[in-house]
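Heads up, the thing below is written out as structure tokens.
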Amino acid sequence: MTKSLKSWWERFLFLDRGILPTNRLLLILGVISLGFMVAAILGVSWLVIIAFNLLVIFGSFVDFIFLPKRDQLYVKRSIPNEMERGLSYNVQVELGNASAHGLRARIIDGLPQSFEQSFPLNVTIPYGEKMTLTYETKALFRGDYNVSKIYVRVRSAIGLWEKQLTFEREESIQVIPDLTEAKLYLESAQAFLLYEGEKIRKQRSGVGEFAKIRNYVVGDDPRKINWRQTAKLQEVMTNEYEPEHGKYITLLIDCGRLMGAELLTGNRLEKALEASLTVAASALQKGDYVAVLAFSKDVKVYVPPAKGMSHLQTIIRSLYGIKVDEAESNYAAVFQYVQTMQKKRSLLFLFSDVQTFLYEESALAHLNRLSKRHLFLMIGIEDETIIKRKNEEPSHVKSAMIKSMAYQHLAKKTRKQLKWQSQGLHIVEAKEENLATAAVSQYIDIMNRNLL
């Protein structure tokens with residue numbers, strides 16, 4: 001395809017600028033051509049046919065003259081600068097008509113191909129007025145995006161011609177991980193965990209920092225009654241304790257090849273990011289220090305420990321652009337890096353593929369050294385395919401063999417898990433939809449039991 005043909009083809013695809021005949025004009029010309037053929041057969045003079053043809057062409061060009069000029073149109077877009085992956089957002093496009101007559105227009109916004117879109121938008125605008133159109137879009141992948149062009153195709157008064165115009169409206173969009181679960185937790189921690197069938201475990205009696213004195217309620221531990229205040233106020237008062245604040249939490253996020261495995265919604269890395277941000281929100285809300293490290297064969301991102309909810313924004317800004325690498329994860333190098341950077345005792349929270357990690361013997365020596373100073377917990381997503389195969393009722397020899405291989409695989413993995421856990425290294429697996437809940441539940445349980 002030559003350059004000129006490609007340019008015209010792009011214009012027909014609603015790109016760039018140009019003037020195009022409408023279906024109405026093509027239909028009229030088709031009917032007239034058929035009429036000319038019949039007229040020629042009936043012996044009508046060619047002068048009459050040519051004169052009528054010129055009249056039709058002249059009439060179409062009169063309609064062409066009334067096409068609005070570029071400076072008679074006003075286009076503005078209003079789109080969020082920050083969007084969460086997989087969530088729907090409303091975008092508004094304002095179109096103003098400063099021409100001397102009403103117009104009909106079709107609009108296509110130049111969104112990236114990875115955004116869900118439903119175009120064109122059809123609108124009829126009276127002269128001298130503005131109209132605002134709203135459409136929904138959804139970003140399917142994290143990262144930085146630029147949206148610049150808005151394509152507008154306006155139709156002439158009679159509807160024989162369309163003019164195609166392009167307006168430059170530069171916008172930058174950051175697509176960050178889905179924070180729905182983090183927001184749900186911040187609204188109500190207990191409701192968030194109960195919704196997934198979990199419950200925040202009660203803290204051991206007398207463990208933690210003294211928080212306040214309050215009225216005694218049924219169910220409180222009688223051993224916590226503050227007798228001095230009870231005698232002073234003539235009503236039963238009790239001491240309330242909470243876990244110690246200022247603990248260090250280090251979130252390790254695997255970005256290696258196997259984290260790109262597709263799930264029902266996104267991939268393993270997306271779920272790990274969402275769960276880690278939920279844990280970070282929980283820890284920062286409770287006054288703990290949170291550090292984050294994303295890695296594959298090398299360290300990709302490291303966010304030093306800090307506390308306060310403002311630190312959550314720092315973590316999001318640092319992590320939202322990370323992608324799955326084609327390389328295998330180098331656990332040994334990462335654990336060595338953590339040992340160098342994190343001097344204070346910390347809860348190491350590793351989000352990775354459990355099956356891959358269990359067979360990484362080289363990481364065991366580094367973890368043994370880390371466990372002398374830090375508390376290690378790994379959490380991953382269950383392999384639902386293996387579990388499904390294990391639970392299937394065999395109907396023939398092949399399915400029986402598949403079931404037995406699934407059992408064998410799970411038994412081998414269990415032995416490996418026991419080996420790691422005997423070294424004091426805890427491993428947890430959860431379904432993809434429960435990953436964030438399980439991670440937060442583990443964090444709260446560790447804090448309340450004062451294991452760190």
Side-chain angles (χ1 to χ4, degrees), residues 177 181 185 192-201 249-280 282 294-295 324 328-329 331 334-335 347-361 363-364 367 370-371 374-392 402-403 405-447 449 451:
E181 292 180 311
Y185 175 83
F192 172 75
L193 296 177
L194 285 175
Y195 179 77
E196 297 292 348
E198 299 286 345
K199 184 177 181 180
I200 298 177
R201 297 185 184 181
I249 315 298
T250 303
L251 304 174
L252 309 175
I253 304 172
D254 185 0
C255 304
R257 180 177 62 86
L258 291 175
M259 294 299 285
E262 291 295 327
L263 303 172
L264 293 177
T265 55
N267 55 32
R268 286 179 177 174
L269 178 59
E270 298 296 346
K271 289 298 179 182
L273 269 177
E274 293 165 10
S276 61
L277 289 174
T278 308
V279 174
S282 172
F295 68 95
V324 176
E328 301 289 343
S329 302
Y331 296 103
V334 171
F335 292 150
L347 169 60
L348 303 180
F349 230 120
L350 173 62
F351 292 88
S352 183
D353 177 55
V354 172
Q355 182 174 334
T356 306
F357 180 77
L358 290 176
Y359 292 92
E360 192 70 28
E361 296 290 345
L364 185 57
L367 272 176
L370 277 175
S371 62
H374 306 286
L375 181 63
F376 179 82
L377 173 66
M378 181 192 178
I379 187 164
I381 297 174
E382 290 181 351
D383 190 336
E384 294 189 10
T385 303
I386 296 293
I387 296 174
K388 181 181 177 183
R389 296 295 188 189
K390 179 181 77 72
N391 295 330
E392 281 182 352
I402 292 174
K403 183 180 179 74
M405 290 174 66
Y407 264 107
Q408 184 180 5
H409 173 83
L410 291 173
K412 191 175 181 180
K413 188 171 77 170
T414 301
R415 287 195 299 270
K416 284 284 185 181
Q417 280 183 305
L418 292 174
K419 176 183 174 182
W420 284 80
Q421 288 173 359
S422 66
Q423 303 291 328
L425 309 173
H426 303 285
I427 299 175
V428 176
E429 283 189 288
K431 294 182 178 179
E432 61 172 289
E433 63 271 18
N434 296 333
L435 185 65
T437 308
V440 173
S441 180
Q442 290 293 325
Y443 159 73
I444 292 175
D445 184 47
I446 289 171
M447 293 296 109
R449 292 165 60 192
L451 297 179

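Keep in mind that what you see is a predicted model, and the values were worked out from it rather than measured.
- Classification of the F376-F357 ring pair by plane angle, with boundaries at 30° and 60°, yields parallel.
- Considering CG of L251 and CG of L277, their distance stands at 8.5 Å, rounded to 0.5 Å.
- In terms of the side-chain hydrogen bond (donor to acceptor under 3.5 Å, both in side chains) criterion, residue partners of E429 (sequence neighbours excluded) are, by chain and number, K413.
- The OG1 atom of T265 lies 8.5 Å from the CD atom of E433; values are rounded to the nearest 0.5 Å.
- The two residues V354 and M378 have their closest heavy-atom pair at CA-CE, 3.4 Å.
- Across all their heavy atoms, S282 and V440 have their closest contact at OG-CG1, 4.1 Å.
- Listed here is the closest heavy atom pair of C255 and A294: SG-CB, 4.0 Å.
- Residues L347 and Q442 are not in side-chain contact: their nearest non-hydrogen atoms beyond the backbone lie 4.5 Å or more apart.
- Residue A438 comes nearest to A430 through the heavy atom pair CB-CB, 3.8 Å, listed as atom of the first residue, atom of the second, then distance.
- To the nearest 0.5 Å, atoms CG (L377) and CD1 (I446) are separated by 5.0 Å.
- In this structure, the side-chain hydrogen bond (donor to acceptor under 3.5 Å, both in side chains) partners of S352, at least two apart in sequence or on a different chain, are D254, Y331.
- With hydrogens and angles ignored, the 3.5 Å screen pairs a side-chain donor or acceptor of S276 with a backbone N or O of A272.
- Residues forming a ring-ring contact (aromatic ring centres under 6.0 Å, His included) with Y443 (at least two apart in sequence, or on another chain): none.
- Note: L350 CG to H426 NE2 = 14.0 Å, rounded to the nearest 0.5 Å.
- Contacts of T250 classified as side chain to side chain contact (heavy atoms under 4.5 Å, CB included), with partners at least two apart in sequence or in another chain: L252, A291, Q342, S346, L348.
- In this view, A439 and V279, F349, F351, I379 satisfy the side chain to side chain contact (heavy atoms under 4.5 Å, CB included) rule, not counting sequence neighbours.
- Scanning both residues, P177 and L273, for their nearest heavy atoms gives CG-CD1, 4.2 Å.
- Counting only heavy atoms from C-beta outward, the side chains of I253 and L269 approach each other to under 4.5 Å.
- How far CD of E181 is from OG1 of T437: 5.5 Å, rounded to the nearest 0.5 Å.
- Going from atom OG1 of T278 over to atom OH of Y185 covers 10.0 Å, rounded to the nearest 0.5 Å.
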Worksheet item: How far apart are the C-alpha atoms of E382 and K431, what are their side-chain angles, what is the distance that settles it, and do they pass the salt bridge (Lys or Arg N to Asp or Glu O under 4.0 Å) test?
Response: CA-CA 5 Å; E382 290 181 351; K431 294 182 178 179; 5.7 Å; no

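- Sorted by first then second residue, the salt bridge (Lys or Arg N to Asp or Glu O under 4.0 Å) pairs that include residues 259-278, not counting sequence neighbours, are R85-E270, R85-E274, R142-E270, R268-D353, K271-E274.
- L435 approaches G380 most closely through the heavy-atom pair CD1-O, 3.8 Å.
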